[in-house]
Each structure stands twice: as structure tokens, then as C-alpha cells.
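Heavy atoms only: backbone and side chains are in, while hydrogens, waters and symmetry mates are out.
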Amino acid sequence: MKALQADLAGYLGKVGFTLEKRAFVPHVTLARIKGTQAQQACRALRLPAIPEQVVLPVKDILLMQSRLLPQGVQYTVLHRIPLQS
């Protein structure tokens with residue numbers, strides 16, 4: 001993931017995108033919970049406060065656009081890159 005991000009950042013920098021200065025940390029967002037509801041959700045799902053590391057297969061990479069609308073977030077797939085197994 002870090003090598004892929006470095007390649008992508010190199011390309012995007014060349015075509016004029018402003019790159020972030022902070023280090024890239026690969027992650028997966030499973031949910032967004034505001035305020036004190038996060039601890040309630042962990043208790044309800046019987047999850048530890050900090051979940052153990054999980055290994056998941058990755059079949060493709062999606063470039064997503066998110067738009068915050070009054071009725072909630074709308075996600076659109078802009079580009080899909082299938083990965084070889």
C-alpha cells in the first residue's frame with residue numbers, strides 16, 4: 001500500500017496536485033460515529049476499544065468521491081483498478 005501511494009503521489013505531484021506533508025497511513029473506514037456514541041457502539045458490538053489487527057484480501061482499489069449532502073454522504077466510484085492475485 002505504501003509503495004502504491006508513493007507511486008500515485010509521485011504522479012499526482014507531477015501533474016500539479018498539492019501533496020500532503022504528513023506520512024501516509026493505510027486504513028479502512030468501517031463507520032463514522034460522532035461524539036460519545038463511539039464507546040456505546042464498541043460495547044454494543046462487543047469490540048475492544050482498539051480492535052486487533054485484521055488481514056483482509058484486497059481485490060481492487062477504488063478512487064472514490066464523497067459529497068456531503070443534507071440527507072447524508074453520497075459516494076461515487078470514479079475509477080476502479082483491479083489487482084492481480
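Partners of Val58 under the side chain to side chain contact (heavy atoms under 4.5 Å, CB included) rule, at least two apart in sequence or in another chain, are Leu83. For Lys2, the side chain to side chain contact (heavy atoms under 4.5 Å, CB included) partners two or more places apart in sequence, or in a different chain, are Phe24, Pro26. By the salt bridge (charged side-chain N to carboxylate O under 4.0 Å, His left out) test, Asp7 pairs with no residue at all, sequence neighbours left out. Residues passing the side chain to side chain contact (heavy atoms under 4.5 Å, CB included) test with Leu8 are Leu12, sequence neighbours excluded. Evaluation of the side chain to side chain contact (heavy atoms under 4.5 Å, CB included) rule for Ala6 yields no partner, not counting sequence neighbours.
Applying the salt bridge (Lys or Arg N to Asp or Glu O under 4.0 Å) test to every pair with at least one member in residues 67-83, sequence neighbours left out, gives these pairs: Asp60-Arg80. Residue pairs that meet the side-chain hydrogen bond (donor to acceptor under 3.5 Å, both in side chains) test with at least one member in residues 8-20, sequence neighbours left out, are Glu20-Arg22.
By the criterion of side-chain heavy atoms lying less than 4.5 angstrom apart, applied directly or through intervening Ile, Leu, Val, Met, Phe, Trp or Tyr residues, Leu63 is not grouped with Tyr75; the two fall into different hydrophobic clusters. Following chains of ILVMFWY side-chain contacts shorter than 4.5 Å, one can reach Val73 starting from Leu62, so the two form part of one hydrophobic cluster.
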Verify side chain to side chain contact (heavy atoms under 4.5 Å, CB included) between Met64 and Val77, making sure each step is shown before the conclusion.
CA-CA 5 Å; Met64 304 282 296; Val77 177; 3.5 Å; yes

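We find the CD1-CE distance between Ile61 and Met1 to be 6.0 Å, quoted to the nearest 0.5 Å.
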